[in-house]
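Since the structure comes first, as structure tokens, the remarks are kept for the end.
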Amino acid sequence: MSLEPFTDDDPIFRRESVLRDTYTPETLVERDRELREFQNALKPVVKGEVPKNIFLYGQTGVGKSIATEMVLDRLKQDQENFDDLNVEVTYVLCKNLTSSYQVTVELVNTFREPENQISGTGHSHGAVLAKLWQHINDIDATHLLIVLDEIDSVGTDDDILYQLPRANANGKVDPNNVKLGVIGISNDFTFRDQLDARVQDSLAEDEIHFPPYDSNQLRTILHDRAGNAFVDGALADDVIPLCAAFAGQETGSARQALKLLYKSGDLARSEDVSMVEERHVRAAQDLVEAGKAKDELEALPSQSHLTLFAMLRMADKGLLPARSTDIYDYYDRAARAIDADVKSIRTIRSRLSQLLMKGFLKKTQRNEGLNGGSFFLYELDIREELIREVLQEDDRTKQLFSEGSKQSRIR
DNA sequence: CTTCCACAGGAAAAGCCGGGGT
DNA sequence: ACCCCGGCTTTTCCTGTGGAAG
């Protein structure tokens with residue numbers, strides 16, 4: 001088969017990059033109140049005083065990070081108009097950082113050259129903090145704003161959130177030298193309540209809540225972007241409202257709505273039609289859902305993969321639903337077959353409850369009294385084909401499918 | 001109403017790792 | 001060379017749980 005030449009004519013998209021995650025819009029629509037509150041909260045900085053600590057919360061895709069970026073850019077730009085004002089900003093994305101310690105290390109590293117980074121293990125807690133204070137004292141600025149994005153991932157370990165807001169007061173950082181402010185961003189609005197009371201007070205001097213977008217707001221946002229992204233007249237009338245409705249019902253996330261719109265356009269383009277229609281949106285929605293499940297399956301630890309394989313085997317033999325001890329037997333055989341470590345039943349129970357939480361399994365309770373006791377029966381709650389697909393693509397578990405048949409012939 | 005079974009799952013400790021400091 | 005540090009996974013230990021049988 002011969003390739004077709006690449007062409008740049010595109011009946012659908014004018015500038016598709018406008019729809020990507022990486023694109024930063026010049027204006028943030030439907031977030032006027034939040035932006036105003038944000039700027040207001042930063043007033044003390046402009047007046048040369050110690051900043052208030054600000055806490056932003058709201059689900060993903062509601063504009064928190066973009067708002068922060070825009071407001072801080074503007075602040076850095078406008079500081080020229082004020083004498084003796086020099087604001088520095090340091091940004092740490094705390095996703096995947098599960099402890100205060102890791103956040104502290106990450107912060108220290110933002111002040112260091114790439115070839116001079118410190119390691120995430122090995123140092124004592126105090127030593128890393130001492131380094132941090134040193135770096136902050138050394139910077140040449142009147143103010144330092146520390147942005148901690150997705151701060152909820154540190155969970156209940158809130159030591160760094162206790163340390164940073166009172167570094168000025170504790171004399172760790174001399175306020176005449178650098179005035180320190182923390183901007184915490186959280187996707188989880190229950191996070192604030194989990195924090196130690198003394199941390200709550202100091203960290204969240206000013207709170208800005210970003211509510212999820214409703215369908216109407218999402219419509220405005222999508223129209224705003226679509227104007228640049230799509231060729232005029234390439235969108236059927238009901239496409240944007242439908243994207244907005246899907247995303248509005250599920251998450252209220254602009255990111256999700258944009259992704260859906262982009263995917264719909266992509267589907268239309270691959271069909272070589274010149275208009276995006278409702279059916280493209282529905283197909284895109286299905287694809288997104290399936291993709292999400294698959295990504296999550298792939299990301300599971302190998303013990304979970306083995307557990308799923310065990311259950312797949314049992315499903316073939318009509319043995320599901322099954323109790324955890326029986327699943328463990330099959331797991332044990334599968335793990336031996338590929339020379340993986342066989343973990344204890346307690347571990348597999350944890351895997352089972354994780355799979356349950358992610359919605360891949362469902363369980364029903366059974367109780368057979370004094371000659372049976374109570375236990376759970378587990379069964380699969382996703383398409384078996386999807387599991388098979390993922391396990392066959394995985395380097396470790398794919399041998400189970402070829403060797404598995406050999407094995408069963410031997411026995 | 002009590003007993004008793006067969007797990008469920010929390011808590012804490014153990015063990016391994018990669019990587020410090022002295 | 002040695003011991004210490006924090007992260008992470010796994011094991012060990014053990015208390016809870018719910019309903020049929022007694």
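Reminder, nothing fancy here: chain letters follow the sequence lines and each chain counts from 1.
If you take CD of Gln365(A) and C1' of dA8(B), they are 9 Å apart, rounded to a whole angstrom. Between the CG atom of Leu352(A) and the P atom of dG10(B) there is a distance of 14 Å, given to the nearest Å. In this entry the distance linking NZ of Lys363(A) with P of dG18(C) reads 11 Å, nearest Å. Rounded to an integer number of Å, the gap from Gln102(A) CD to dC17(B) C1' is 14 Å.
The nucleotide whose nearest atom lies closest to any side-chain atom of His123(A) is, among dA8(B), dG10(B), dG21(B), dG21(B). Taking every side-chain heavy atom of Ser374(A) into account, dA6(B) is the closest of dA6(B), dG9(B), dT11(C). In the set dG18(C), dA20(C), dG10(B), the nucleotide with an atom closest to the side chain of Leu370(A) is dA20(C). Listed nucleotides dG7(C), dT10(C), dG9(B) differ in distance to Tyr101(A); the shortest reach to its side chain belongs to dG7(C).
By the 6.0 Å and 45° rule, Arg323(A) stacks over the aromatic ring of Phe375(A).
Using a 4.0 Å heavy-atom cutoff across all strands shown, Tyr378(A) reaches sugar-phosphate atoms only and no base atom.
Taking the six-membered ring where tryptophan is involved, the planes of Phe401(A) and Phe309(A) are perpendicular, since the angle between them exceeds 60° and thus also 30°.
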Would you check, one step at a time, whether the test salt bridge (charged side-chain N to carboxylate O under 4.0 Å, His left out) holds for Arg20(A) with Glu16(A)?
CA-CA 7 Å; Arg20(A) 294 225 176 89; Glu16(A) 57 187 282; 3.8 Å; yes

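In the model, Glu250(A) has a side-chain atom that pairs as donor or acceptor with a side-chain atom of Gln285(A) under 3.5 Å.
Residues Leu377(A) and Asn367(A) each lie close to DNA chain B; by heavy-atom proximity, the contact nearer the 5' end of the strand is made by Asn367(A).
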